[in-house]
Peer 1: 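Take this structure, written in structure tokens, and hold onto it; I'll ask about it next.
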Amino acid sequence: AASKNEFLYRFINNVYSEEMRRKDITFILLLSILVLIFFRKLLNPHKIFLGADLCVYYPIKEFLVNNIKEGIFPLWNPYVFCGAPIFSHSAMAGLFYPLNLTFLILPLDVAFNYSVILHVLLAGLFTYLLGNSLGLDRISSLFSSIIFMFSGAFVVLLPAGTPEVLNGITWIPLIFYLFDKALKDDKKGYVYSVLTGMAMGLQGLGAHPQVSLMTIYALSFYLLYVLI
């Protein structure tokens, strides 16, 4: 066991030097600081990032959280028109989306704010990972992350109060990273294929269907590009 651990340690150090690790950690910290500065007002527990559409999301989330905390798994929402199955608006509810666990832990308004910060930061980290995988140097990957995090896809959509669109866009760079690995890695391609499916599953659980559909279209075009 010791020899295997020693071999693994040497392999990691050969492929991924200490200097590279330090740079990655530095850039990840920088991305985190930029997100916290940009969304500093969301750190105030007495404020909420309120957009028009959030007036629809908030009551649904409150209904779900209150029921789950009381040990009730809600299948029916009696407060929408004459009542509706909860899965008819599954994207807004995000009932099975793992990152929505924060809504069970934190107060609802705080959870909405922190969810925005978390997803924007993850989008930057995933873009940094994708940039490195596509052969960009670390500085270029860093700037790609910053551009994506503060692009119109996030900054313009956020005031509208559509968290589920934000959730879906967050996973796109990771999906492309894993899909690219699946196409180009002859030895572990099947592993990356499974991971791609898992990432797309997470996206589907937390996003509007059209975000997942557009991601599939984009992957199809990228597949054609690689094959041609």
Side-chain angles (χ1 to χ4, degrees), residues 15-16 20-21 23-39 42 91 94 96-100 102 114-158 160 162-185 188-227:
V15 176
Y16 194 53
M20 293 167 64
R21 287 197 297 270
K23 286 183 179 180
D24 283 342
I25 292 172
T26 301
F27 290 156
I28 289 170
L29 288 175
L30 179 58
L31 290 175
S32 303
I33 292 170
L34 288 175
V35 171
L36 291 175
I37 291 174
F38 190 84
F39 294 107
L42 297 187
F96 298 110
Y97 185 54
L99 296 187
N100 277 347
T102 53
Y114 285 10
S115 179
V116 169
I117 294 173
L118 174 62
H119 282 86
V120 173
L121 177 58
L122 284 176
L125 296 179
F126 294 155
T127 305
Y128 181 76
L129 186 66
L130 175 62
N132 286 337
S133 174
L134 293 176
L136 298 179
D137 60 74
R138 279 168 165 71
I139 296 293
S140 300
S141 298
L142 175 66
F143 277 100
S144 299
S145 301
I146 295 172
I147 291 169
F148 185 62
M149 285 194 307
F150 302 118
S151 66
F154 291 107
V155 178
V156 175
L157 286 175
L158 282 175
T162 52
E164 269 55 42
V165 176
L166 168 68
N167 295 352
I169 296 173
T170 295
W171 295 97
I172 293 176
L174 180 64
I175 291 170
F176 266 88
Y177 165 75
L178 295 170
F179 187 67
D180 183 66
K181 288 286 189 181
L183 293 176
K184 298 178 181 178
D185 193 321
K188 297 182 180 178
Y190 66 94
V191 176
Y192 286 113
S193 298
V194 173
L195 293 175
T196 302
M198 293 174 65
M200 294 183 70
L202 285 172
Q203 183 193 52
L205 290 174
H208 284 303
Q210 59 265 38
V211 179
S212 298
L213 184 61
M214 286 186 285
T215 302
I216 293 172
Y217 288 156
L219 288 176
S220 301
F221 284 120
Y222 183 69
L223 176 61
L224 289 175
Y225 169 77
V226 172
L227 293 178

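Below, all heavy atoms of this structure are taken into account, side chains as well, without hydrogens, waters or symmetry copies.
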Peer 1: Suppose we screen for side chain to side chain donor-acceptor pair (under 3.5 Å). Which residues come up paired with Ser145, at least two apart in sequence or across chains?
Peer 2: none

Peer 1: Which heavy atom of Ser133 sits nearest to which heavy atom of Lys181, and what is that distance?
Peer 2: OG-CE, 3.7 Å

Peer 1: Supply the atom-to-atom distance Leu99 CG to His119 NE2, rounded to the nearest 0.5 angstrom.
Peer 2: 4.5 Å

Peer 1: Kindly write out the residues that satisfy ring pair (Phe, Tyr, Trp, His ring centres under 6.0 Å) with Phe150, not counting sequence neighbours, or none if the list is empty.
Peer 2: Phe38

Peer 1: Going by the side chain to side chain contact (heavy atoms under 4.5 Å, CB included) test, name the single residue among Val116, Leu122, Leu42, Val120 that passes it with Val35.
Peer 2: Val120

Peer 1: Any side-chain heavy-atom pair from Tyr128 and Asp24 closer than 4.5 angstrom?
Peer 2: yes

Peer 1: Could you work out, with salt bridge (Lys or Arg N to Asp or Glu O under 4.0 Å) as the rule, every residue matching Lys188, not counting sequence neighbours?
Peer 2: none

Peer 1: Taking CZ in Phe143 as the centre, count heavy atoms belonging to other residues, nucleotides or ligands within less than 6.0 Å. Is the count above 12?
Peer 2: no

Peer 1: Listed by chain and number, what are the ring pair (Phe, Tyr, Trp, His ring centres under 6.0 Å) partners of Phe148, not counting sequence neighbours?
Peer 2: Phe154

Peer 1: Looking only at non-hydrogen atoms, find the nearest pair between Asp180 and Leu134 and report the distance.
Peer 2: OD2-CD2, 4.0 Å

Peer 1: Which residues pass the side chain to side chain donor-acceptor pair (under 3.5 Å) test with Ser140, not counting sequence neighbours?
Peer 2: Asp137

Peer 1: In a table with atom names and distances, give each donor-acceptor pair under 3.5 Å that connects a side chain of residues 195-207 to protein atoms at least two apart or in another chain.
Peer 2:
unit_1, atom_1, unit_2, atom_2, d
Thr196, OG1, Leu178, O, 3.4
Thr196, OG1, Phe179, N, 3.3
Thr196, OG1, Tyr192, O, 2.7
Gln203, NE2, Gly168, O, 3.0
Gln203, NE2, Thr215, OG1, 3.0

Peer 1: I need the Tyr217 OH to Phe221 CZ distance, nearest 0.5 Å.
Peer 2: 9.0 Å

Peer 1: Specify the closest pair of heavy atoms between Ser115 and Asn167, including all atoms of both residues, with the distance to one decimal.
Peer 2: OG-OD1, 4.4 Å

Peer 1: What is the distance from atom OG of Ser212 to atom CD1 of Ile172, rounded to the nearest 0.5 Å?
Peer 2: 8.5 Å

Peer 1: CE/Met214 to CD1/Ile216 distance, rounded to the nearest 0.5 angstrom?
Peer 2: 11.0 Å

Peer 1: Report the C-alpha separation of Tyr177 and Thr127 in whole Å, then their side-chain angles, then the decisive distance to 0.1 Å, and conclude whether the side-chain contact (heavy atoms from CB on, under 4.5 Å) test is met.
Peer 2: CA-CA 8 Å; Tyr177 165 75; Thr127 305; over 6 Å; no

Peer 1: Answer yes or no: is there a side-chain heavy-atom contact under 4.5 Å between Leu142 and Leu30?
Peer 2: yes

Peer 1: Considering all heavy atoms of both residues, which atom of Ile146 and which atom of Leu31 are nearest to each other, and what is their separation?
Peer 2: CG1-CD2, 3.8 Å

Peer 1: Would you name the heavy atoms of Leu166 and Thr170 that are closest together and state the gap between them?
Peer 2: O-OG1, 2.8 Å

Peer 1: Report yes if the side chains of Ser32 and Leu121 come closer than 4.5 Å at any heavy-atom pair, otherwise no.
Peer 2: yes

Peer 1: How many angstroms lie between atom CG of Leu183 and atom CG of Leu219, to the nearest 0.5 angstrom?
Peer 2: 9.0 Å

